[in-house]
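Below you'll find the structure, written out as structure tokens, and then a few comments.
One-based numbering along the sequence shown.
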Amino acid sequence: MSTTRRNAGPGGGPALMLPGLREVYDAYVRAADELPALGAALRAEVWTSAQLGTLEAAAPDAAARRAALADLITALRSAGTPAARLFLRALAAIGPAEARPAAARAAGGPDEGPPWARRLGQVAPGQVWLVQEGPLDGDRIICEFRYVPDGSDLHALAVRLGHDDVPSEVVIVGDVPALMNAARRAMQAELCVVQPCDPAAAGPRLRAALNTDAPLPEDCYPALALARHRADLLP
């Protein structure tokens with residue numbers, strides 16, 4: 001990717017910083033048609049995070065990632081469809097912090113989107129757990145979240161940290177009781193230690209691990225944007 005700014009192409013499309021990726025942005029615009037049918041804020045956030053993960057994994061550096069994200073916002077604004085505006089609203093809620101204002105402006109005012117769209121990004125943290133699986137396996141931090149103000153849709157961010165706190169696994173878990181039951185069974189089998197963790201200790205540790213320009217395991221990228229959003233809500 002090159003970050004040289006170019007003018008609109010012969011087709012009359014919007015001006016892009018990476019015009020060679022116009023077909024990629026068009027594919028994202030088409031994919032946005034999936035969003036309205038997802039039916040819940042969390043599903044939409046997970047979907048949006050996966051799109052951003054693909055973009056970030058393909059970018060050679062942070063500057064190229066920022067340029068591609070700016071171009072994606074431009075392409076979605078130009079498309080102007082309800083699905084594209086919903087994608088922009090999701091980006092404004094859980095996308096990279098530096099891109100949220102531009103995404104919000106591009107989305108425009110309130111529209112006729114699904115009622116659950118108002119809940120995008122509107123969550124509060126709850127219990128935080130530290131799962132220690134041994135010196136070779138590192139630590140796993142599990143942070144619970146619920147949507148506000150009704151406390152619904154319990155879910156969790158689970159991040160496994162290896163040597164030097166490098167993430168080796170980043171996932172969003174929808175069935176938190178099943179996750180914690182499995183962790184407690186492993187503790188009873190003396191395979192790990194599960195204990196409450198101070199959110200004020202977990203927050204800085206997670207943010208330092210997730211906000212890195214260093215390459216991560218491929219499987220980490222789909223949940224990375226949403227994980228960063230959730231980690232930012234911790235003290």
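Shortest non-hydrogen contact noted between Glu34 and Leu38 is O-CG, 3.5 Å. Minimum interatomic distance between Ala231 and Arg207 (heavy atoms only, all atoms of both residues): O-NH1, 2.8 Å. Considering all non-hydrogen atoms of both residues, Pro204 and Ala200 come closest at CD-O, 3.1 Å. The two residues Cys220 and Pro167 have their closest heavy-atom pair at SG-O, 4.1 Å. Cys192 and Ala183 get closest at one heavy-atom pair: SG-O, 3.7 Å. Shown here for Ala90 and Thr48, the closest heavy-atom pair between the two residues is CB-OG1, 3.2 Å.
Considering OG1 of Thr81 and CG of Asp33, their distance stands at 6.0 Å, rounded to 0.5 Å. Glu144 contributes atom CD, which lies 8.5 Å from atom CG of Leu179 (distance to the nearest 0.5 angstrom). If you take CG on Leu120 and NE2 on His229, they are separated by 9.5 Å, rounding to the nearest 0.5 Å. Arg100 contributes atom CZ, which lies 11.5 Å from atom CD1 of Ile73 (distance to the nearest 0.5 angstrom). To the nearest 0.5 angstrom, Leu206 atom CG is 4.0 Å from Ile141 atom CD1. Note: Leu76 CG to Leu91 CG = 6.5 Å, rounded to the nearest 0.5 Å.
Counting non-hydrogen atoms of neighbouring residues, nucleotides and ligands closer than 6.0 angstrom, the CD atom of Gln195 exceeds 12 such neighbours.
Trp47 and Phe87 have perpendicular rings, their planes meeting at more than 60° on a 0 to 90° scale where under 30° would count as parallel.
At a cut-off of 3.5 Å, with distance as the only test, a side-chain donor of Ser152 or Arg119 sits close to an acceptor on the other residue. Between the side chains of Arg230 and His155, at least one donor-acceptor pair of N or O atoms lies under 3.5 Å. With hydrogens and angles left out, the side-chain atoms of Tyr147 and Asp153 include no donor and acceptor closer than 3.5 Å.
A salt bridge links Glu56 to Arg228: at least one charged side-chain nitrogen sits closer than 4.0 Å to a carboxylate oxygen. Arg65 and Glu98 are joined by a salt bridge, as a carboxylate oxygen and a charged side-chain nitrogen come within less than 4.0 angstrom of each other.
Residues Leu21 and Asp71 form no side-chain contact, since every pair of their non-hydrogen atoms from C-beta on lies 4.5 Å or further apart. Arg118 has its side chain within reach of Arg89: a pair of non-hydrogen atoms, C-beta onward, lies under 4.5 Å apart. Here the side chains of Val123 and Leu233 are in contact, with some heavy-atom distance below 4.5 Å. Between Met180 and Val194, some side-chain heavy-atom pair lies under the 4.5 Å cut-off. Cys143 is listed as a side-chain neighbour of Leu234, based on a closest heavy-atom distance under 4.5 Å. Under the 4.5 Å side-chain criterion, counting only non-hydrogen atoms from C-beta, Asp139 is not in contact with Arg160. Proximity of Met17 to Arg66: side-chain heavy atoms (C-beta onward) are nowhere separated by under 4.5 Å. In this structure, the side chains of Leu224 and Ser49 stay at 4.5 Å or more apart for every pair of heavy atoms.
Hydrophobic clustering (side-chain heavy atoms under 4.5 Å, transitive across Ile, Leu, Val, Met, Phe, Trp, Tyr) groups Met187 together with Trp129. The hydrophobic clustering, which links ILVMFWY residues whose side-chain heavy atoms are closer than 4.5 Å, places Phe145 and Val159 together. Note on Leu161 and Leu226: same hydrophobic cluster, where clusters join Ile, Leu, Val, Met, Phe, Trp and Tyr whose side-chain heavy atoms are under 4.5 Å apart, directly or indirectly. Both Tyr25 and Val29 belong to a common hydrophobic cluster when Ile, Leu, Val, Met, Phe, Trp and Tyr are linked at side-chain heavy-atom distances under 4.5 angstrom. Two different hydrophobic clusters hold Leu88 and Ile94 under the rule that ILVMFWY side chains link at heavy-atom gaps under 4.5 Å.
Proximity of a side-chain donor or acceptor of Thr212 to a complementary backbone N or O of Ala208 within less than 3.5 Å is not detected. Ser78 contributes no side-chain N or O that, together with a main-chain N or O of Thr74, makes up a donor-acceptor pair within less than 3.5 Å. At distances below 3.5 Å, at least one donor-acceptor pair connects side-chain atoms of Arg85 with backbone N or O atoms of Gly80. A side-chain donor-acceptor contact under 3.5 Å links Tyr221 to the backbone of Leu216.
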Go through the steps for Val128 and Ile142 under the test side-chain contact (heavy atoms from CB on, under 4.5 Å), then give the verdict. CA-CA 6 Å; Val128 179; Ile142 300 172; over 6 Å; no
Run the numbers on Asp61 and Asp213 for side-chain contact (heavy atoms from CB on, under 4.5 Å), then give the verdict. CA-CA 7 Å; Asp61 52 46; Asp213 291 330; over 6 Å; no
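For Thr54, there are no side chain to side chain donor-acceptor pair (under 3.5 Å) partners, not counting sequence neighbours. Applying the side chain to side chain donor-acceptor pair (under 3.5 Å) criterion to Asp165, with sequence neighbours excluded, gives Arg205.
The list of salt bridge (charged side-chain N to carboxylate O under 4.0 Å, His left out) pairs with a residue in residues 174-188, not counting sequence neighbours, is empty.
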